[in-house]
A.B. asks: 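Take this structure, written in structure tokens, and hold onto it; I'll ask about it next.
As the structure is a prediction and not an experimental result, all values here were calculated from the model.
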Number of protein chains: 2
Amino acid sequence: MTRADRPDPGDLDLTKQVCFALYAASRALTAVYRPVLERLGLTYPQYLVMLVLWERGQTSVKALGESLQLDSGTLSPLLKRLEAAGLVDRARDPRDERSVVVSLTAAGDGLRDQATGIPRAIAEATGVPASELTYLRDTLRKITEAATAAPDKETT
Amino acid sequence: MTRADRPDPGDLDLTKQVCFALYAASRALTAVYRPVLERLGLTYPQYLVMLVLWERGQTSVKALGESLQLDSGTLSPLLKRLEAAGLVDRARDPRDERSVVVSLTAAGDGLRDQATGIPRAIAEATGVPASELTYLRDTLRKITEAATAAPDKETT
DNA sequence: GGCGGTTTAGTTGTGCGCAATCTAAACCGT
DNA sequence: ACGGTTTAGATTGCGCACAACTAAACCGCC
């Protein structure tokens, strides 16, 4: 069922451009993080996991996956690497043995201090004004929500 | 509580949120493409390569890399798979044997017809108005440019 | 209690992305 | 013509993402 505000032909190119812009911008920004995070021995997805843990102290793998929108196929090996690096502990929840609780080690908690300056460093490196960032964030969230709820495009 | 009480705490969180929003939105939109492209036997990066070829007919690997901002480490195996799928040909440029020219096969050219409806399908699936898409595209380009040119402390 | 279905992680396999390294071809100044 | 440099592409290794599958624990129900 097409909407009343269906895009006209001119918009088709636009969609293409937006998708690529998103794809390119995401990789470009991650590349800005890379050298900064390298000093902490983290990749960007690992940094995201640490952000959640610094805020919550501990979480199940499931909750982590919901927050970051990643599945166990991605998280399991990633968490294994964080554990091998001595930053997190993993243990089955005794209340529910299906669940694995991820928590910070002392080293993982200590890393937080070194990470506090990162958002500022990134903001300065890119130099995009906060007003635009706010609008951008909200628009991106809207797109993510719309894409996540996207219909699977029926027949043919 | 874990937040830094700095002069401008709002911006720091914002940066973090924008980066994640970008990362999440990019993956979410790619996921919308996935089932659509699957019918053509293409992944999203492969689709991007085909878009360039449908527009230009042929390109060198280098030019392709500049357009998509991907290096040979990514493109070489990707093009090999497209070649194995019978969609493209690869040949050394006789004028400069260092360069490899990628061109469309008949099958690759024929796939264009099936691909014309894709941008519309994506636009409808997400349902974000064109006015926002335009602003979004321009902001993303600005960020990509800023990130690509980002000053890096590891400079010597 | 035992059975069937669900939930939670982990594993396997494929395809990016990117750094580092390698090879070969082209260019360049002498 | 020559040796050094630059350039284009391929290869290797690692870490995501994601689909498909497996195994174990939980749950409801009889």
Side-chain angles (χ1 to χ4, degrees), chain A residues 20 23-35 37-38 41-50 59-66 68-85 88 90-102 147-148 152, chain B residues 20 23-35 37-38 41-50 59-66 68-85 88 90-102 144 147-148 152 154:
Chain A
F20 175 69
Y23 167 78
S26 178
R27 287 189 296 120
L29 244 197
T30 302
V32 176
Y33 271 96
R34 209 184 322 282
L37 291 176
E38 197 174 358
L42 295 175
T43 65
Y44 182 67
Q46 289 169 5
Y47 169 66
L48 292 179
V49 168
M50 294 304 286
T59 2
S60 67
V61 173
K62 175 176 172 52
L64 206 49
E66 284 167 355
L68 304 180
Q69 299 171 222
L70 292 169
D71 68 4
S72 69
T74 299
L75 288 176
S76 285
L78 187 157
L79 291 170
K80 237 171 160 177
R81 283 186 284 272
L82 286 181
E83 189 180 35
V88 308
R90 289 191 301 160
R92 291 279 167 183
D93 184 344
R95 313 294 285 177
D96 184 344
E97 293 277 347
R98 289 173 305 183
S99 179
V100 166
V101 176
V102 184
T148 304
D152 191 355
Chain B
F20 175 69
Y23 165 78
S26 178
R27 287 189 296 121
L29 245 196
T30 302
V32 175
Y33 272 97
R34 208 183 325 280
L37 291 176
E38 197 174 358
L42 295 175
T43 64
Y44 182 66
Q46 287 168 5
Y47 170 66
L48 292 178
V49 168
M50 295 305 287
T59 2
S60 67
V61 173
K62 175 176 172 53
L64 206 49
E66 284 166 354
L68 304 180
Q69 300 171 221
L70 292 169
D71 68 5
S72 70
T74 299
L75 288 175
S76 285
L78 188 157
L79 292 170
K80 237 170 160 177
R81 283 186 283 271
L82 285 181
E83 189 180 35
V88 308
R90 288 190 302 159
R92 291 279 167 184
D93 183 345
R95 312 292 286 176
D96 184 344
E97 293 279 346
R98 290 172 303 182
S99 179
V100 167
V101 177
V102 184
T144 303
T148 305
D152 212 344
E154 75 197 334

A.B. asks: Nearest heavy atom decides the nucleotide; on that basis, is A63(A) or E97(B) closer to the 5' end of DNA chain C?
C.D. replies: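 Going by which nucleotide is closer to the 5' end, it is A63(A).
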A.B. asks: What is the separation between atom CD on E66(B) and atom C1' on dT7(D), rounded to the nearest whole Å?
C.D. replies: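 It is 12 Å, rounded to the nearest whole Å.
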A.B. asks: Verify the contact: side-chain N or O of Y23(B) to OP1 or OP2 of dA17(D), cut-off strictly under 4.0 Å; return yes or no.
C.D. replies: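 Result: yes.
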A.B. asks: Given atom CZ of R34(A) and atom P of dC16(D), what is their separation to the nearest angstrom?
C.D. replies: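 Value for this atom pair: 11 Å.
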A.B. asks: If you check the T74(A) side chain, which of dA10(D), dC18(D), dA9(C) turns out closest?
C.D. replies: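 Looking only at side-chain atoms, T74(A) lies closest to dC18(D).
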A.B. asks: Check whether any side-chain N or O of Q46(B) sits under 4.0 Å from OP1 or OP2 of dG15(C), and answer yes or no.
C.D. replies: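 Answer is no, no contact under 4.0 Å.
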A.B. asks: Would you say dC18(D) has OP1 or OP2 under 4.0 Å from some side-chain N or O of R27(B)?
C.D. replies: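 For dC18(D), OP1 or OP2 has a side-chain N or O of R27(B) closer than 4.0 Å.
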A.B. asks: Are any of the side-chain nitrogens in D93(A) or R95(A) under 4.0 Å away from the carboxylate oxygens of its partner?
C.D. replies: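 R95(A) and D93(A): not salt-bridged.
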A.B. asks: What nucleotide among dC16(D), dA26(C), dA24(D) has an atom nearest to a side-chain atom of R98(A)?
C.D. replies: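 It is dA24(D).
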A.B. asks: Please tell me if R81(A) has a side-chain N or O lying less than 4.0 Å from either OP1 or OP2 of dC16(D).
C.D. replies: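 It does, given that an N or O in the side chain of R81(A) lies less than 4.0 Å from OP1 or OP2 of dC16(D).
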A.B. asks: So that I can tick it off, tell me whether E38(B) and R34(B) are bridged by a salt bridge, with the cut-off set at under 4.0 angstrom between side-chain N and carboxylate O.
C.D. replies: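 Not counted as a salt bridge, because no side-chain N and carboxylate O are separated by less than 4.0 Å.
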A.B. asks: Just checking S99(B): base, sugar-phosphate only, or nothing, at a heavy-atom cut-off of under 4.0 Å?
C.D. replies: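 Sugar-phosphate, no base atom in range.
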A.B. asks: From CG of D93(B) over to P of dT7(D), roughly how many Å is that when rounded to an integer?
C.D. replies: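 From D93(B) CG to dT7(D) P: 17 Å.
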A.B. asks: Would you indicate what T43(A) reaches in the nucleic acid, counting non-hydrogen atoms under 4.0 angstrom: base, sugar-phosphate, or nothing?
C.D. replies: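 If one applies the 4.0 Å heavy-atom cut-off, T43(A) turns out to touch the sugar-phosphate alone, with no base involved.
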A.B. asks: Please state whether the base of dA9(C) and the side chain of S76(A) form at least one donor-acceptor pair under 3.5 Å?
C.D. replies: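 Side chain to base: no pair below 3.5 Å.
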A.B. asks: Closer than 4.0 Å, any side-chain N/O of R90(B) to the OP1 or OP2 of dA10(D)?
C.D. replies: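 Yes, R90(B) has a side-chain N/O under 4.0 Å of OP1/OP2 on dA10(D).
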A.B. asks: Minimum heavy-atom separation for R81(A) and Q46(A), please, with both atom names.
C.D. replies: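 Residues R81(A) and Q46(A), closest heavy atoms: NE-NE2, 4.2 Å.
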A.B. asks: Looking at R90(B) and E83(B), does any basic side-chain N land under 4.0 Å from a carboxylate oxygen?
C.D. replies: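 Salt bridge flag = yes for E83(B) with R90(B).
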A.B. asks: Please report, rounded to the nearest Å, how far the P atom of dG9(D) is from the CG atom of L78(B).
C.D. replies: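 Atom CG in L78(B) sits about 15 Å away from atom P in dG9(D).
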A.B. asks: Are side-chain heavy atoms of L37(A) and T43(A) found at a separation under 4.5 Å?
C.D. replies: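 No - every pair of side-chain heavy atoms lies 4.5 Å or more apart.
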A.B. asks: In this structure, how many angstroms lie between the P atom of dC18(C) and the CG atom of L37(A), rounded?
C.D. replies: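 Rounded to whole Å, this separation is 15 Å.
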A.B. asks: Please report the distance, rounded to the nearest Å, between CG in D96(A) and C1' in dC27(D).
C.D. replies: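 For the pair D96(A) CG and dC27(D) C1', the rounded distance is 11 Å.
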A.B. asks: Looking only at side-chain atoms of V100(A), point me to the closest of dG10(C), dA10(D), dT11(D).
C.D. replies: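 Looking only at heavy atoms from C-beta outward on V100(A), the closest nucleotide is dG10(C).
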A.B. asks: To the nearest Å, how far apart are R92(A) CZ and dC26(D) P?
C.D. replies: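 Rounding to the nearest Å, CZ of R92(A) and P of dC26(D) are 10 Å apart.
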A.B. asks: Base, sugar-phosphate, or nothing: which does L75(A) touch, judged by heavy atoms less than 4.0 Å apart?
C.D. replies: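 Since no nucleic acid heavy atom lies under 4.0 Å of L75(A), the category is nothing.
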A.B. asks: Which of parallel (below 30°), tilted (30 to 60°) and perpendicular (above 60°) describes Y23(B) and Y44(A)?
C.D. replies: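 Perpendicular: the ring planes of Y23(B) and Y44(A) meet at over 60°.
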A.B. asks: With sugar-phosphate meaning primed atoms plus P, OP1 and OP2, does S60(B) contact a base, only sugar-phosphate, or nothing at under 4.0 Å between heavy atoms?
C.D. replies: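 Sugar-phosphate only.
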A.B. asks: For dT11(D), does either OP1 or OP2 sit under 4.0 Å from a side-chain N or O belonging to K80(B)?
C.D. replies: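 For K80(B), the contact criterion (side-chain N or O under 4.0 Å from OP1 or OP2 of dT11(D)) is met.
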A.B. asks: Between dC18(C), dC26(D), dA10(D), which nucleotide gets closest to the side-chain atoms of D71(B)?
C.D. replies: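 Taking heavy atoms from C-beta onward, the closest nucleotide is dC18(C).
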